[in-house]
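Below: one structure, written as structure tokens.
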Amino acid sequence: MTLHVTDAIVLHAFDYLETSRIFRLATRESGVVSVLARGARKSVKRFGSSLDLFVTGTAEIQQRPGRDLQTLSGFDLTYARSALAADLDRFVAASMLCELALRCTAGEAHAETFDALTNGLDGLTRVSGREAQVFGAQAAWQLVDSLGFAPSLDRCASCHRVLDRGDDALFSHRTGGAVCRDCEGVARGGRRLPAAARSAILGWLAGAESPMPDAGTLRSHARLLREFVEHHVSEGTELRAYTAWAARFERT
Amino acid sequence: MSAIDDLAGELAKLPGIGRKTALRLTYHLLKQPPERSRKLAHALEVLRDRVHPCGVCGNLTEDPECAICRDPRRDRTVICTVEEAADIGAIERAGEFRGLYHVLGGRISPLDGVGPEHLTVRELEARVSAGGVSEVIVATNPSVEGEATALYLQQSLVRLGVRVSRIARGLPVGGDLEYADGGTIAQALSARREMI
């Protein structure tokens with residue numbers, strides 16, 4: 001058994017037996033790992049009181065080779081992000097980001113994804129309501145980008161010709177982004193992406209401020225992102241938190 | 001699969017019981033008079049047949065309404081909302097609260113696919129709307145999901161003109177400040193109250 005000390009973000013937590021809890025952690029060096037925190041529900045002696053969803057800290061993990069479930073022997077909290085529970089849009093968007101990280105990074109080290117998730121969760125603590133919904137979309141695209149799946153938006157995903165920024169384009173999940181008119185026949189299926197929406201996603205990927213989209217545009221963004229993630233990253237697994245996040249757009 | 005494996009397998013599914021303990025319990029039952037096993041089996045059957053959620057608050061009971069809801073000495077103007085029926089026992093053991101309860105049946109957890117529509121929020125709103133309730137105490141767990149659930153309840157109930165309060169959290173009674181962790185101290189400081 002070896003002791004592994006790493007930066008970690010709590011993505012998911014659920015009770016195990018009477019007093020323990022299983023956590024799924026995003027770690028900088030090992031990707032997503034599952035750990036058992038013995039007695040975490042009963043006593044805060046070893047793990048502190050704030051070992052909860054969305055927190056960042058230094059995890060001490062007792063690793064046994066070949067095991068899926070490792071043992072968490074200590075957790076030193078560095079940032080609790082309790083503000084994420086103070087606004088439902090923040091909370092649901094943060095859950096959606098953690099779900100994407102869970103479904104998309106299992107078993108592989110992704111330092112860039114760890115940083116993208118950190119930035120996404122940190123950013124969400126500073127916005128609320130509609131802004132949190134939009135920031136969620138931005139952070140989700142950046143998470144996808146950190147995994148190396150960013151869609152091609154300024155060049156045709158098929159022939160790599162530069163696309164005019166002012167033109168609508170067909171967005172093909174299968175091809176990996178926007179395609180020019182000449183390649184539309186090759187890229188089967190897809191969705192017509194207005195120039196403004198393409199520009200918004202480009203802006204989000206670059207981390208730039210974008211104009212606040214209206215409710216209908218937000219819903220279209222949520223549909224497009226979901227299709228893209230399901231096609232390229234999540235391999236068809238159910239995205240429950242994503243569904244809850246997208247459902248909030250219906251209410252705006 | 002043998003009868004021994006069958007029972008040990010079922011016992012091992014219970015919280016706090018591993019495979020070894022399950023086998024130990026199985027062999028223990030085999031050493032006891034047959035009557036004891038029959039009583040245990042009967043008790044389990046009766047439990048499943050008779051116990052159900054209270055029609056008013058969701059607490060577990062054998063009657064249409066639980067003993068707390070039927071008790072005329074309870075304060076009917078205050079409802080304490082908890083995640084699970086087991087939480088009622090913890091609050092009752094403290095002996096301080098004399099109001100009624102409402103069991104939500106969980107907490108909002110988008111990652112687990114649990115939304116407000118899966119909880120008994122509508123039933124709670126109906127109880128408040130029926131009148132006579134002046135305060136709802138939200139006693140969900142002090143976790144991120146518990147806090148988000150509390151926020152949702154606050155936003156839903158405040159429209160109905162009822163006072164909504166949240167149980168306090170911070171330093172444990174009898175604890176020592178020196179040994180409290182940073183998160184607990186931070187919560188205790190942010191939830192400090194004026195000394196009157």
Side-chain angles (χ1 to χ4, degrees), chain A residues 10-21 24 40-41 43-55 57 75-103 121 238-248, chain B residues 11-19 21-22 83-84 86-87 90 106-119 121 138 140-156 166 169-172 175-176 178-191:
Chain A
V10 177
L11 302 176
H12 196 194
F14 48 93
D15 296 343
Y16 180 73
L17 298 182
E18 271 173 288
T19 60
S20 300
R21 193 162 271 167
R24 302 205 65 197
R41 292 175 67 198
S43 163
V44 295
K45 220 184 287 176
R46 199 192 293 170
F47 305 109
S49 60
S50 302
L51 184 50
D52 201 353
L53 284 184
F54 315 137
V55 307
F75 192 88
D76 198 4
L77 183 82
T78 50
Y79 189 25
R81 295 194 187 90
S82 48
L84 289 173
D87 179 277
L88 289 170
D89 286 300
R90 277 184 209 164
F91 171 69
V92 177
S95 301
M96 177 270 290
L97 289 181
C98 287
E99 182 176 68
L100 290 184
L102 265 174
R103 300 284 176 265
L121 294 176
E238 195 184 0
L239 298 171
R240 292 160 159 179
Y242 191 99
T243 304
W245 173 70
R248 293 197 71 77
Chain B
L11 289 171
K13 290 175 188 168
L14 300 174
I17 298 182
R19 181 76 194 159
T21 308
E83 289 180 17
E84 302 292 348
D87 299 331
R107 57 182 178 258
I108 297 173
S109 174
L111 281 156
D112 295 319
V114 180
E117 67 277 11
H118 299 104
L119 308 178
V121 180
V138 183
T140 51
N141 282 317
S143 61
V144 169
E145 288 171 341
E147 290 297 333
T149 307
L151 180 68
Y152 181 84
L153 289 176
Q154 189 261 336
Q155 290 176 355
S156 307
R166 179 86 173 103
R169 61 181 188 174
L171 293 166
D176 200 318
E178 189 184 348
Y179 296 108
D181 67 283
T184 302
I185 292 175
Q187 283 296 331
L189 282 171
S190 69

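A note on names: the letters A, B, ... follow the listed sequences, proteins ahead of strands, and every chain is numbered from 1.
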Test side chain to side chain contact (heavy atoms under 4.5 Å, CB included) on B:Glu147 and B:Arg169; report intermediate values, then the result. CA-CA 11 Å; B:Glu147 290 297 333; B:Arg169 61 181 188 174; 3.5 Å; yes
So for B:Asp112, is it side chain, backbone, both, or neither that comes closer than 4.5 Å to the heavy atoms of chain A? both
Region of A:Leu84 in contact with chain B, defined by heavy-atom distances below 4.5 Å: neither
Going by side-chain contact (heavy atoms from CB on, under 4.5 Å), A:Glu99 matches just one of A:Arg240, A:Glu238, A:His12. Which one? A:Arg240
Whatever's closer than 4.5 Å to a heavy atom in chain B on A:Tyr16 counts as neither
Return the minimal non-hydrogen interatomic distance between A:Asp52 and A:Val10, and the atom names on each side. O-CB, 3.2 Å
At a heavy-atom separation under 4.5 Å, does A:Ala94 approach chain B through its side chain, its backbone, both, or neither? neither
Report yes or no: does A:Ser95 contribute a side-chain atom to a donor-acceptor pair with the main-chain N or O of B:Leu111 at less than 3.5 Å? no
Could you tell me which portion of B:Glu145 (side chain, backbone, both or neither) has an atom closer than 4.5 angstrom to a non-hydrogen atom of chain A? both
Checking B:Thr184 against B:Leu171 for the side chain to side chain contact (heavy atoms under 4.5 Å, CB included) test, could you report, in this order, the C-alpha distance in whole Å, the side-chain angles of both residues, the deciding distance, and whether it holds? CA-CA 6 Å; B:Thr184 302; B:Leu171 293 166; 4.2 Å; yes
